[in-house]
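Counting begins at 1 with the first residue of the sequence. Worth saying up front: this structure is predicted, and the values here are computed from it rather than measured. First listed ligand is number 1; within each ligand, the first listed atom is number 1.
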Amino acid sequence: MKVLIAGGRGRVGSKVADLLEANGVEVVSGGLEDGVDFLEGTRVAEVMAGVDTIVNVLNTPRFDEEGAVGFFEGTTRRLTEEGVRAGVRHHILLSIVGVGQGDASDIGYYFGKVAQERALAEGPLPYTIVRSAQFQGYVPVLADQHTVDGRVLAPRDLIQPVELDELVALLVEVALAGEPLGEVEFAGPERFHLDDLLRGTLAASGDAREVVTVDGYGPIDAMVPRGEYRAGKVLYPLRDIPLAG
Ligand SMILES: NC(=O)c1ccc[n+]([C@@H]2O[C@H](COP(=O)([O-])OP(=O)(O)OC[C@H]3O[C@@H](n4cnc5c(N)ncnc54)[C@H](OP(=O)(O)O)[C@@H]3O)[C@@H](O)[C@H]2O)c1
């Protein structure tokens, strides 16, 4: 088995590469650092040669709709076109819980992820979309994203953070099984309210920013699974944050 990891030197991709290699799998990394650009089409055919499985964990800093949609749609189409040429049998895409629900957050980045999933599903390659909840380690970044004039403005939205190594193990399990599964959702074992989670996390790190509870922009359950999902086992490392009832 030969696996191309699109984004193989990123936060998720580098861990997936290590675990696949530990399982004896031949891995090739495709990222800007490797001289591969899936948007521009640089060295794509070269890294795709002999690949049977793609793990797509690409990411972009573009949070505006035009930038995010252009990136996620364009790179997925490129991977699909070149993957078909190379005889790829399975395209595994990492997405986010809520993206498939039709009423996901209306920020540009989410439109990008919706377009990414659609580009994959409409294409000819057999696929698995693994939709993960937010990573535990990403919670401080969420606090920054909600900060306005030094205060964190957070709604009571539900959130079920996952531990990154458990997600990596799931992606590797799906790759090794070689069986396209369509859609799989993955979320952590505990459900919190976002404002409580940010308040507790900032307090534990001595961050003095005030967390103000505000009205949400959409449904309270837009970030958590609504149907069946795989649940992680690793609890959030801070134990005194109230769980959502
Ligand atoms: N954060 C969360 O809580 C969360 C939750 C669920 C799902 N996700 C999803 O997880 C995925 C991976 O996130 P991450 O944090 O691992 O991302 P990351 O650390 O930013 O890594 C992104 C990778 O994409 C590569 N890349 C960017 N533009 C490229 C291009 N044009 N051509 C080729 N490679 C390119 C980068 O290459 P270089 O390193 O060479 O620049 C890097 O290896 C994302 O799709 C995100 O939506 C995240």
Side-chain angles (χ1 to χ4, degrees), residues 4-19 27-48 54-63 67-79 82-83 91-101 104-105 107-117 119-120 128-146 157 159-168 170-171 183-188 192 194 197-198 201 222-225 229-230 232 236:
L4 167 65
I5 305 181
R9 296 186 193 277
R11 181 180 8 208
V12 180
S14 56
K15 282 175 169 276
V16 172
D18 289 348
L19 191 53
V27 171
V28 54
S29 170
L32 298 175
E33 222 182 292
D34 305 296
V36 179
D37 189 328
F38 292 111
L39 205 51
E40 300 299 327
T42 316
R43 288 196 62 225
V44 180
E46 204 179 313
V47 288
M48 197 70 83
I54 299 169
V55 178
N56 179 354
V57 286
L58 291 170
N59 207 3
T60 176
R62 293 285 298 265
F63 265 62
V69 170
F71 177 82
F72 283 120
E73 199 173 65
T75 52
T76 304
R77 291 222 172 105
R78 177 89 61 196
L79 283 162
E82 293 293 344
H91 187 159
I92 301 164
L93 169 66
L94 178 57
S95 189
I96 309 174
V97 165
V99 165
Q101 290 170 177
S105 164
I107 56 172
Y109 186 85
Y110 272 78
F111 288 125
K113 296 298 287 186
V114 170
Q116 183 187 36
E117 285 196 9
L120 180 66
T128 302
I129 296 173
V130 176
R131 294 196 192 105
S132 170
Q134 288 68 28
F135 312 151
Q136 292 179 352
Y138 195 70
V139 171
V141 180
L142 283 175
D144 294 343
Q145 287 172 350
H146 285 79
D157 292 0
I159 181 165
Q160 232 173 302
V162 300
E163 200 267 332
L164 184 52
D165 286 342
E166 285 194 301
L167 167 65
V168 168
L170 174 60
L171 290 168
E183 297 167 10
V184 178
E185 303 224 332
F186 181 63
F192 301 97
L194 181 63
L197 184 67
L198 298 185
T201 303
M223 292 193 294
V224 293
Y229 67 98
R230 292 266 298 251
Y236 194 66

Counting only heavy atoms on the protein side, is anything nearer than 4.0 Å to atom 11 (C) of ligand 1?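 Yes.
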For Arg11, salt bridge (Lys or Arg N to Asp or Glu O under 4.0 Å) partners two or more places apart: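 For Arg11 there are no salt bridge (Lys or Arg N to Asp or Glu O under 4.0 Å) partners, ignoring immediate neighbours.
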When you measure from [atom] to every protein heavy atom, which one gives the shortest distance, and what is it?
atom	result
atom 39 (O) of ligand 1	Glu33 OE1, 4.2 Å
atom 23 (C) of ligand 1	Gly7 CA, 3.6 Å
atom 16 (O) of ligand 1	Val12 N, 2.9 Å
atom 27 (C) of ligand 1	Asn59 O, 3.2 Å
atom 21 (O) of ligand 1	Gly10 CA, 3.4 Å
atom 30 (C) of ligand 1	Leu32 CD2, 3.5 Å
atom 31 (N) of ligand 1	Asp37 OD1, 3.0 Å
atom 44 (C) of ligand 1	Leu58 O, 3.4 Å

Location of contacts on Phe135 toward ligand 1, heavy atoms closer than 4.0 Å: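 It is both parts that get close, each with some atom under 4.0 Å.
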Counting heavy atoms only, which part of Val36 comes closer than 4.0 Å to ligand 1: side chain, backbone, both or neither?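 Only the backbone of Val36 comes within reach of ligand 1.
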Counting from 1, what ligand 1 atoms have a heavy atom of [X] closer than 4.0 Å?
X	result
Ser132	6 (C)
Ala133	5 (C), 6 (C)
Arg9	43 (O)

Please enumerate all residues that pass side-chain contact (heavy atoms from CB on, under 4.5 Å) together with Asp165, with sequence neighbours excluded.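 Partners of Asp165 by the side-chain contact (heavy atoms from CB on, under 4.5 Å) criterion, ordered by chain and then number, come out as Lys15, Glu163.
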Nearest non-hydrogen contact with atom 19 (O) of ligand 1 belongs to which option: Arg11, Lys113, Arg78?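 Heavy atom nearest to atom 19 (O) of ligand 1 belongs to Arg11.
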Who's closest to atom 28 (N) of ligand 1 heavy-atom-wise, of Phe71, Phe38, Phe72?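 The nearest heavy atom belongs to Phe71.
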Heavy-atom side-chain contact between Gln134 and Val97 under 4.5 Å: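 Result no, sub-4.5 Å side-chain heavy-atom pair not found.
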Spell out, as yes or no, whether a donor-acceptor pair under 3.5 Å connects the side chain of Arg131 to the backbone of Glu185.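 No; judged by distance alone, with no hydrogens or angles, the pair does not exist.
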For Gln116, run the side-chain contact (heavy atoms from CB on, under 4.5 Å) check against Thr76, Ile129, Leu94 and tell me which one passes.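 Filter result, single survivor: Thr76.
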Taking the six-membered ring for Trp, are Phe72 and Phe111 closer than 6.0 Å centroid to centroid?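 They do not qualify: ring centres at least 6.0 Å apart.
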Sub-3.5 Å N/O-N/O distance, Tyr109 and ligand 1: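 It does: an N or O of Tyr109 is found under 3.5 Å from an N or O of ligand 1.
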Taking every non-hydrogen atom, the tightest pair across Leu79 and Ala6: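 Of all heavy-atom pairs spanning Leu79 and Ala6, the closest is CD1-CB, 4.0 Å.
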Check contact between Ser95 and ligand 1, using heavy atoms of the residue and a distance below 4.0 angstrom.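 Yes, Ser95 has heavy atoms under 4.0 Å from ligand 1.
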